[in-house]
Structure formats: C-alpha cells, structure tokens
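Residue numbers begin at 1 in each chain, while the letters A, B, ... track the order of the sequences.
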Number of protein chains: 2
Amino acid sequence: MGFTKKHIFDAQQNQIANFTKMIGHPARVSIIQYISQNKDCNCNSLVKAIGLAQPTISQHLAEIRKTGLLNQSVKGKNLFYSINQDKLNESRRLINDFFVKTQVNCSKE
Amino acid sequence: MGFTKKHIFDAQQNQIANFTKMIGHPARVSIIQYISQNKDCNCNSLVKAIGLAQPTISQHLAEIRKTGLLNQSVKGKNLFYSINQDKLNESRRLINDFFVKTQVNCSKE
DNA sequence: AATAAATAACGTAATATTGCAATATCACAA
DNA sequence: TTGTGATATTGCAATATTACGTTATTTATT
C-alpha cells in the first residue's frame with residue numbers, strides 16, 4: 001500500500017526505526033557530517049559542498065530537524081545549523097542498545 | 001524524482017545509509033529482535049508473532065538479507081533464520097563510528 | 001523604498017516502498 | 001503422484017520519497 005502499520009509495533013521499535021530511517025539517506029549522512037565539521041554552517045554552504053539543489057538540501061534538513069538532531073541560530077540573514085549533542089547522545093544510546101541487546105540475545109545458550 | 005543520487009556520495013556514506021535504511025522500518029526492527037530472541041525462528045513464526053501477511057514478512061526478510069545480516073539453515077521443510085553476528089558487529093562498528101566521529105567533531109574548539 | 005541574499009514553502013514528475021491477494025515453487029508425506 | 005505445509009515471487013494499489021523549478025518570506029544593505 002505504501003504506508004507503514006506503525007500501530008502494531010511498540011514505541012521503542014518505532015523510535016529506532018524513525019531515527020535510523022532519517023539517517024538512511026546518504027545526503028543526510030553527509031549533511032550531518034558536514035555540520036559537525038563546520039562551525040557556522042548554513043544551507044548555502046551545504047548546497048555548495050554536497051551538490052544537490054537548494055530546495056533538496058532544505059528538505060533533507062527538515063527531515064533531520066524533525067528528529068530533533070539540529071539546533072538553529074539566526075545571525076543576520078544567515079541561519080546556522082549545529083548538532084544537538086544531547087539528542088545525538090540519546091539516539092546513539094538508543095541504537096547502540098538495539099545492537100547490544102540483539103547481540104546478547106544471539107549469544108544466549 | 002524518487003531515486004537517490006548515490007554517486008555524489010562516498011562509499012562509506014552510502015554504506016551507513018544502506019544499513020540504517022534497512023533498520024528504518026519498525027517491522028524490520030521487530031523481525032531482527034524476534035530472530036535474535038528465538039532460536040529456530042522461521043517465516044511462519046514471524047507472521048504469527050508480528051501480524052503482517054506472509055508475503056510482507058517475506059519481503060522484509062529479503063530486505064534484511066540483502067545487507068547480509070541473516071543466516072539461513074534448512075531443517076526438513078523449515079527454513080530457520082538467525083543473525084549473522086559478524087555482520088552485526090561490523091555494522092555496529094560502522095554506525096557507532098559515525099556517531100562518535102560526529103560527536104568528536106562537534107566538540108572541537 | 002528598492003534590491004539582494006538566504007532559506008523555506010509549494011507544486012510536480014519520477015521513482016521507491018509498503019502491504020497483500022494470488023500464484024508459484026519446493027520439500028516432504030501419504 | 002497427489003497432497004500439504006512453508007516460503008518466495010508476481011502483480012497491483014496506495015502511499016511515500018527524492019529532486020528540483022518556481023515562488024514566497026524574511027532580513028540586511030543601498
């Protein structure tokens with residue numbers, strides 16, 4: 001059909017899927033890396049660095065923003081992005097936990 | 001358009017995106033968890049446990065299989081799935097590395 | 001006020017994904 | 001060989017995603 005039956009899964013499963021889905025596009029991986037490496041990174045610098053059109057970058061930024069991973073600060077006519085480190089940590093723990101638990105379960109018996 | 005311009009990103013960015021995209025659906029999170037928790041898990045038990053139709057589960061299994069995360073073993077007329085732990089570890093390192101590097105970069109200066 | 005720069009929002013075409021019914025395949029049992 | 005159970009494949013409808021041209025919006029500069 002095209003839509004996902006989210007209601008048959010629990011909150012944590014949906015949380016894990018939501019976050020990894022957001023990372024699941026190389027443009028967004030690249031954007032996150034670039035923002036973490038460059039202070040005072042705005043939309044325009046991402047457009048130049050990555051090579052996708054401005055509306056496309058803006059759209060990917062919106063996807064990342066939806067998960068809470070981005071901070072924004074307005075300086076003059078620029079909008080600078082940075083990584084919300086609390087959210088980064090929280091997400092890292094969520095994903096790592098998924099890996100660890102999976103691994104531990106595999107190793108039982 | 002619908003397709004992804006993979007060629008403008010590097011191998012690692014595509015690798016990270018590929019793997020997280022596979023996890024980016026709650027059914028696949030649930031399937032991975034279930035397989036890790038239940039020895040001798042076959043397609044049918046997943047259909048019963050998760051509540052999606054057999055073709056849908058089969059399709060999700062194929063997506064997971066594509067990343068190399070699944071082992072299969074035939075016993076009689078059953079096909080049992082288990083987690084490829086080497087691949088799990090490799091992927092965990094890949095994703096964790098992404099998180100760590102992002103975090104380290106954020107903390108510079 | 002007029003212009004320019006930066007970015008978001010809107011609209012749309014192309015493609016991908018999700019979910020399932022129907023069907024095919026494959027291995028075993030009767 | 002006929003049937004049965006387990007899984008994969010096919011085909012399709014509904015929805016989502018990706019990418020971008022165009023247009024609005026907002027803020028600074030002249």
Side-chain angles (χ1 to χ4, degrees), chain A residues 1-9 13-14 17-31 34-35 38 40-67 70-82, chain B residues 1-9 13-14 17-31 34-35 38 40-67 70-82:
Chain A
M1 313 202 171
F3 66 90
T4 294
K5 289 186 158 182
K6 300 201 174 189
H7 60 281
I8 68 175
F9 304 102
Q13 288 166 338
N14 280 309
N18 271 340
F19 196 83
T20 52
K21 185 179 182 182
M22 180 276 285
I23 304 191
H25 190 293
R28 293 192 286 267
V29 171
S30 183
I31 288 172
Y34 191 89
I35 291 177
N38 296 276
D40 296 343
C41 163
N42 61 1
C43 181
N44 226 297
S45 46
L46 287 164
V47 170
K48 279 178 204 150
I50 293 178
L52 289 170
Q54 178 269 321
T56 308
I57 295 290
S58 191
Q59 201 172 281
H60 282 302
L61 282 169
E63 288 296 313
I64 304 175
R65 200 166 27 208
K66 267 203 291 189
T67 68
L70 288 185
N71 295 322
Q72 306 184 347
S73 72
V74 182
K75 281 179 198 166
K77 58 183 157 185
N78 285 292
L79 180 49
F80 292 114
Y81 295 99
S82 62
Chain B
M1 312 207 168
F3 67 92
T4 295
K5 288 186 159 181
K6 300 201 176 189
H7 60 282
I8 68 175
F9 305 102
Q13 288 165 339
N14 280 309
N18 271 341
F19 196 82
T20 51
K21 185 178 183 183
M22 179 277 283
I23 305 190
H25 191 293
R28 293 191 288 265
V29 171
S30 183
I31 287 172
Y34 191 88
I35 291 177
N38 296 275
D40 296 344
C41 164
N42 59 2
C43 180
N44 227 299
S45 44
L46 286 165
V47 171
K48 279 178 202 151
I50 293 179
L52 289 170
Q54 179 268 322
T56 307
I57 294 289
S58 188
Q59 204 172 278
H60 282 302
L61 282 168
E63 288 295 313
I64 305 175
R65 200 167 26 208
K66 267 203 292 190
T67 69
L70 289 185
N71 295 322
Q72 306 185 346
S73 72
V74 183
K75 281 178 198 166
K77 59 183 156 184
N78 284 292
L79 179 49
F80 292 113
Y81 295 101
S82 62

Nearest-nucleotide pick for [X], side chain only, options being [options]:
X      : options                  : value
K5(A)  : dA21(C), dG19(C), dA9(C) : dG19(C)
P55(A) : dA6(C), dA8(D), dG21(D)  : dG21(D)
N44(B) : dT9(D), dT7(D), dA8(C)   : dT7(D)

Rounded interatomic separation in angstrom, taking [atom1] from [X] and [atom2] from [N]:
X      : N       : atom1 : atom2 : value
K75(A) : dT7(C)  : NZ    : C1'   : 17 Å
F3(B)  : dC20(D) : CZ    : P     : 7 Å
M22(A) : dA16(D) : CE    : C1'   : 18 Å
Q54(A) : dA9(C)  : CD    : C1'   : 10 Å
D40(B) : dT7(D)  : CG    : P     : 12 Å
K6(B)  : dA16(C) : NZ    : P     : 10 Å
H25(A) : dT17(C) : NE2   : C1'   : 14 Å
E63(B) : dT9(D)  : CD    : P     : 12 Å

Can you find a side chain N or O atom of [X] that sits less than 4.0 Å from OP1 or OP2 on [N]?
X      : N       : value
N42(B) : dA6(D)  : no
K21(A) : dA16(D) : no
S58(A) : dT7(C)  : no
H60(A) : dT17(D) : no
N78(B) : dG5(D)  : no

So [X], base contact, sugar-phosphate only, or nothing? Heavy-atom distance under 4.0 Å.
X      : value
Y81(A) : sugar-phosphate
L61(A) : nothing
L52(B) : sugar-phosphate
T56(A) : base
Q59(B) : base

Checklist entry - Taking the six-membered ring for Trp, are F9(B) and H25(A) parallel (under 30°), tilted (30 to 60°) or perpendicular (over 60°)? => result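 Perpendicular: the ring planes of F9(B) and H25(A) meet at over 60°.
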
Next on the checklist: Treating N18(A) as the side-chain partner and T67(A) as the backbone partner, does any N or O pair qualify as donor plus acceptor under 3.5 Å?
Outcome noted: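 No; zero donor-acceptor contacts below 3.5 Å.
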
Item to check | Derivation and outcome, side chain to side chain contact (heavy atoms under 4.5 Å, CB included), residues K75(A) and D40(A) | outcome: CA-CA 9 Å; K75(A) 281 179 198 166; D40(A) 296 343; 3.7 Å; yes

Checklist entry - Which is it for K5(B) and F3(B) under the side chain to side chain contact (heavy atoms under 4.5 Å, CB included) test, yes or no, and what are the steps along the way? => result CA-CA 7 Å; K5(B) 288 186 159 181; F3(B) 67 92; 4.2 Å; yes

Next on the checklist: side chain to side chain contact (heavy atoms under 4.5 Å, CB included) for L70(A) and I35(A)? Distances and angles first, verdict last.
Outcome noted: CA-CA 9 Å; L70(A) 288 185; I35(A) 291 177; 3.9 Å; yes

Next on the checklist: Nearest heavy atom decides the nucleotide; on that basis, is T4(A) or A53(A) closer to the 5' end of DNA chain D?
Outcome noted: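 The answer here is T4(A).
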
Item to check | CA sep, side-chain torsions, deciding dist, call: V29(B), T20(A), side chain to side chain contact (heavy atoms under 4.5 Å, CB included) | outcome: CA-CA 10 Å; V29(B) 171; T20(A) 52; 5.6 Å; no

